[in-house]
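Bear in mind the structure is a predicted one, so any value in this text is a computation, not a measurement.
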Amino acid sequence: MQHNKLEILHLTKRFGEKTLFEDLNLTVEEPAVLWAPSGWGKTTLLRVLMGLETPTSGSVQGVGQVSAVFQEDRLCPQLNAVQNVALVLPGLEIQYKEQIETCFQQLGLDSTALVLPARKLSGGQKQRISIARALLKDAPILILDDSVSAVDTSTEKIILDNLKNSRAGKTTLLIAHRISTVERLDKIVFLNEGRVEAVGPHDQLYASCPEYRRMVDLQRLEDETKGGENA
């Protein structure tokens with residue numbers, strides 16, 4: 001199967017005198033995750049990739065049919081899970097009910113989520129319904145903006161494993177903050193001070209990139225501190 005490459009070429013985005021990223025170059029052909037310090041501009045980058053914002057300079061190529069899942073869910077609150085997913089599919093809802101339910105199972109959603117209106121669901125359930133909608137749309141390029149942040153780490157593993165399997169041969173880009181999301185994928189793009197600082201699997205970057213290692217250790221320390229406070 002031919003990959004639909006996502007190519008970021010010399011991309012720069014500035015707001016006044018503040019530069020979020022500069023001369024960014026990146027090619028994505030397989031599941032990959034972008035990781036960067038808070039405030040770096042990951043969501044702004046997503047908006048540029050989606051054509052919702054114009055870059056200061058540079059270009060994005062290969063973006064034709066794109067499906068995106070944002071941090072904030074975009075579900076219709078009065079519709080149930082199946083109805084929300086069916087909105088993006090052609091034809092009648094009943095045609096896709098079995099596919100939708102199978103996708104929900106792969107994302108760790110139980111049957112109660114199928115009948116409740118979206119306004120009564122948890123943040124994690126809403127995220128997974130949004131991901132299901134994007135997966136069933138089956139676009140050549142899928143971009144997820146911190147879209148598993150509201151689920152626990154065991155559910156996150158299920159989601160990421162199924163993403164890798166179901167998106168084989170298609171381009172998938174995750175924009176993530178949580179280290180558990182990052183270290184489960186084989187290709188990590190570490191962004192720092194507006195540029196790509198390192199690319200590779202977690203163990204390689206942890207051993208070879210001091211700034212990546214510092215950020216990982218810092219986040220783990222913060223997580224341990226929060227855990228101690230909640231004990």
Visitor: Hey, does Leu135 have a side-chain heavy atom less than 4.5 Å from the side chain of Leu163?
Guide: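 SC-SC contact between Leu163 and Leu135 confirmed.
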
Visitor: Examine distances only and state if a side-chain atom of Ser166 and a backbone atom of Asn162 form a donor-acceptor pair shorter than 3.5 Å.
Guide: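 Between the backbone of Asn162 and the side chain of Ser166 there is a qualifying donor-acceptor contact (under 3.5 Å).
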
Visitor: Carefully, step by step, assess Ile141 and Lys170 under the rule side chain to side chain contact (heavy atoms under 4.5 Å, CB included).
Guide: CA-CA 6 Å; Ile141 296 175; Lys170 301 182 181 71; over 6 Å; no

Visitor: Would you name the heavy atoms of Ala81 and Phe104 that are closest together and state the gap between them?
Guide: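 Heavy-atom minimum between the residues: CB-CE1, 3.5 Å.
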
Visitor: Same hydrophobic cluster for Val82 and Val88, using side-chain heavy-atom links shorter than 4.5 Å among ILVMFWY?
Guide: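 Yes.
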
Visitor: Can you name the residues that form a side chain to side chain contact (heavy atoms under 4.5 Å, CB included) with Gln95, not counting sequence neighbours?
Guide: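 In terms of side chain to side chain contact (heavy atoms under 4.5 Å, CB included), with neighbours along the sequence ignored, Gln95 is linked to Leu92.
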
Visitor: How far apart are the closest heavy atoms of Leu24 and Gly194, and which atoms are they?
Guide: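 Scanning both residues completely, I find the closest heavy atoms to be CD1-O, 4.3 Å.
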
Visitor: With heavy-atom distances below 4.5 Å as the criterion, would you say the side chains of Val60 and Leu6 are in contact?
Guide: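 Yes. Closest side-chain heavy atoms under 4.5 Å.
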
Visitor: Please answer: with hydrophobic residues joined when any side-chain heavy atoms are less than 4.5 Å apart, are Ile188 and Val196 in the same cluster?
Guide: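 Not linked; separate clusters.
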
Visitor: Tell me, please, which residues at least two apart from Lys42 pass salt bridge (Lys or Arg N to Asp or Glu O under 4.0 Å).
Guide: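 Residues passing salt bridge (Lys or Arg N to Asp or Glu O under 4.0 Å) with Lys42: none at all.
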
Visitor: Closest approach of Lys164 and Leu185, non-hydrogen atoms and distance?
Guide: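 Closest approach of Lys164 to Leu185: CD-CD2, 3.8 Å.
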
Visitor: How would you list, by chain and number, every residue that makes a side chain to side chain contact (heavy atoms under 4.5 Å, CB included) with Glu101, sequence neighbours excluded?
Guide: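 Counting only residues at least two positions away or on another chain, Glu101 forms a side chain to side chain contact (heavy atoms under 4.5 Å, CB included) with Lys97, Leu114.
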
Visitor: Please list, chain by chain and in numerical order, all residues satisfying side chain to side chain contact (heavy atoms under 4.5 Å, CB included) with Leu34, sequence neighbours excluded.
Guide: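 Leu34 satisfies side chain to side chain contact (heavy atoms under 4.5 Å, CB included) with Leu26, Leu45, Leu173, Ile175, Val189, Leu191 only.
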
Visitor: Which pairs pass ring pair (Phe, Tyr, Trp, His ring centres under 6.0 Å) with one or both residues in residues 38-60, sequence neighbours excluded?
Guide: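 Passing the test, one end in residues 38-60: Phe21-Trp40.
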
Visitor: For the side chain of Arg133 and the backbone of Lys137, is there at least one donor-acceptor N/O pair under 3.5 Å apart?
Guide: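 No; zero donor-acceptor contacts below 3.5 Å.
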
Visitor: So, for Pro77 and Pro117, which heavy atoms are closest and what is the spacing to 0.1 Å?
Guide: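 In this case the closest contact between Pro77 and Pro117 is O-CB, 3.5 Å.
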
Visitor: Hydrophobic clusters here meaning ILVMFWY residues chained together by side-chain heavy-atom distances under 4.5 Å, can you tell me if Ile8 and Val33 are in one?
Guide: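 No.
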
Visitor: Within the 4.5 Å heavy-atom criterion, are Ile179 and Met215 side-chain neighbours or not?
Guide: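 They are not in side-chain contact.
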
Visitor: What are the two closest non-hydrogen atoms of Gly108 and Ile158, and how far apart are they?
Guide: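 In terms of heavy atoms, the two residues are closest at N-CG2, 4.5 Å.
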
Visitor: Please determine whether the number of non-hydrogen atoms from other residues, nucleotides or ligands lying under 6.0 Å from atom CD of Glu98 exceeds 12.
Guide: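 No, the 6.0 Å shell around CD holds no more than 12 heavy atoms from other groups.
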
Visitor: Would you check, one step at a time, whether the test side chain to side chain donor-acceptor pair (under 3.5 Å) holds for Thr43 with Asp145?
Guide: CA-CA 7 Å; Thr43 298; Asp145 180 22; 3.3 Å; yes

Visitor: I'd like to know if Val69 and Leu109 are part of one continuous hydrophobic network [Ile/Leu/Val/Met/Phe/Trp/Tyr, side-chain heavy atoms within less than 4.5 Å].
Guide: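 As far as the 4.5 Å side-chain criterion goes, Val69 and Leu109 are not connected within one cluster.
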
Visitor: Begin with the C-alpha distance, continue with both residues' side-chain angles, and end with the deciding distance and a verdict on side chain to side chain contact (heavy atoms under 4.5 Å, CB included) for Ile131 and Leu107.
Guide: CA-CA 8 Å; Ile131 292 172; Leu107 296 175; 4.1 Å; yes

Visitor: Just so I know, are the side chains of Val85 and Tyr96 near enough to count as touching, which here means a heavy-atom distance under 4.5 Å?
Guide: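 No - every pair of side-chain heavy atoms lies 4.5 Å or more apart.
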
Visitor: List for me each residue that meets salt bridge (Lys or Arg N to Asp or Glu O under 4.0 Å) alongside Arg47, sequence neighbours excluded, and say none if there are none.
Guide: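 Arg47: salt bridge (Lys or Arg N to Asp or Glu O under 4.0 Å) contacts with Glu53.
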
Visitor: Taking side chain to side chain contact (heavy atoms under 4.5 Å, CB included) as the definition, give me every residue that meets it alongside Leu116, ordered by chain and number, with sequence neighbours left out.
Guide: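 Residues passing side chain to side chain contact (heavy atoms under 4.5 Å, CB included) with Leu116: Leu121.
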
Visitor: Do Thr155 side-chain atoms and Thr153 backbone N/O form a donor-acceptor pair below 3.5 Å?
Guide: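 Not confirmed, Thr155 side chain does not pair with Thr153 backbone.
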
Visitor: With a 4.5 Å heavy-atom cut-off, do Val182 and Leu174 have their side chains touching?
Guide: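 Answer no - side chains too far apart.
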
Visitor: Could you go through Thr172 and Ile143, starting from their C-alpha distance and side-chain angles, then the distance that decides it, and tell me whether this counts as side chain to side chain contact (heavy atoms under 4.5 Å, CB included)?
Guide: CA-CA 6 Å; Thr172 305; Ile143 304 175; over 6 Å; no

Visitor: Step by step, would you call Arg14 with Thr56 a side chain to side chain donor-acceptor pair (under 3.5 Å)?
Guide: CA-CA 6 Å; Arg14 297 189 182 96; Thr56 305; 5.2 Å; no

Visitor: Side chains of Ile129 and Leu75: does their closest heavy-atom pair fall under 4.5 Å?
Guide: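 Yes, side chains in contact.
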
Visitor: To the nearest 0.5 Å, tell me how far Leu144 CG sits from Ile159 CD1.
Guide: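 Reported value, rounded in 0.5 Å steps: 9.5 Å.
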
Visitor: Kindly state each residue pair satisfying ring pair (Phe, Tyr, Trp, His ring centres under 6.0 Å) with at least one member in residues 124-180, sequence neighbours excluded.
Guide: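 The answer is none; no pair qualifies.
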
Visitor: Closest approach of Asp23 and His10, non-hydrogen atoms and distance?
Guide: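 Where Asp23 meets His10 most closely, the heavy atoms are OD1-ND1, 2.7 Å.
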
Visitor: Would a distance-only check, ignoring hydrogens and angles, find a side-chain to backbone donor-acceptor pair under 3.5 Å from Glu183 to Ser180?
Guide: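 Side chain of Glu183 to backbone of Ser180: no pair is present.
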
Visitor: Nearest 0.5 Å, please: how far is CZ in Arg214 from CG in Asn192?
Guide: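 So the gap between those two atoms works out to 8.0 Å.
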
Visitor: As a quick check of understanding, evaluate side chain to side chain donor-acceptor pair (under 3.5 Å) for Asp217 and Tyr212, giving each step before the final call.
Guide: CA-CA 9 Å; Asp217 291 345; Tyr212 178 86; over 6 Å; no

Visitor: Should His202 and Val216 count as side-chain neighbours, where that means a heavy-atom distance under 4.5 Å?
Guide: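 In contact.
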
Visitor: List the residues meeting ring pair (Phe, Tyr, Trp, His ring centres under 6.0 Å) with Phe70, not counting sequence neighbours, and say none if there are none.
Guide: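 Ring pair (Phe, Tyr, Trp, His ring centres under 6.0 Å) list for Phe70, sorted by chain: empty.
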
Visitor: Enumerate the side chain to side chain donor-acceptor pair (under 3.5 Å) contacts for residues 113-129, please, sequence neighbours excluded, ordered by first and then second residue.
Guide: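 Qualifying pairs, neighbours excluded: Ser122-Gln125, Gln127-Ser149.
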
Visitor: Members other than Leu221 in its cluster, when Ile, Leu, Val, Met, Phe, Trp, Tyr link by side-chain heavy atoms under 4.5 Å?
Guide: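 The other cluster members (ILVMFWY side chains, heavy atoms under 4.5 Å, direct or chained): none.
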
Visitor: Has the side chain of Lys13 got a donor or acceptor atom that lies under 3.5 Å from a matching backbone atom of Thr54?
Guide: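 Looks like yes, one N/O pair under 3.5 Å.
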
Visitor: Measuring only between side-chain heavy atoms, which start at C-beta, is Leu20 closer than 4.5 Å to Phe15?
Guide: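 Yes - at least one pair of side-chain heavy atoms lies under 4.5 Å apart.
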
Visitor: Quick one: which residue pairs count as a salt bridge (charged side-chain N to carboxylate O under 4.0 Å, His left out) with a foot in residues 152-161, not counting sequence neighbours?
Guide: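 For residues 152-161: Glu156-Arg178, Glu156-Arg184, Lys157-Asp161.
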
Visitor: So, Asn84 side chain and Cys76 main chain: donor-acceptor pair closer than 3.5 Å or not?
Guide: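 Judged by distance alone, yes, a pair lies under 3.5 Å.
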
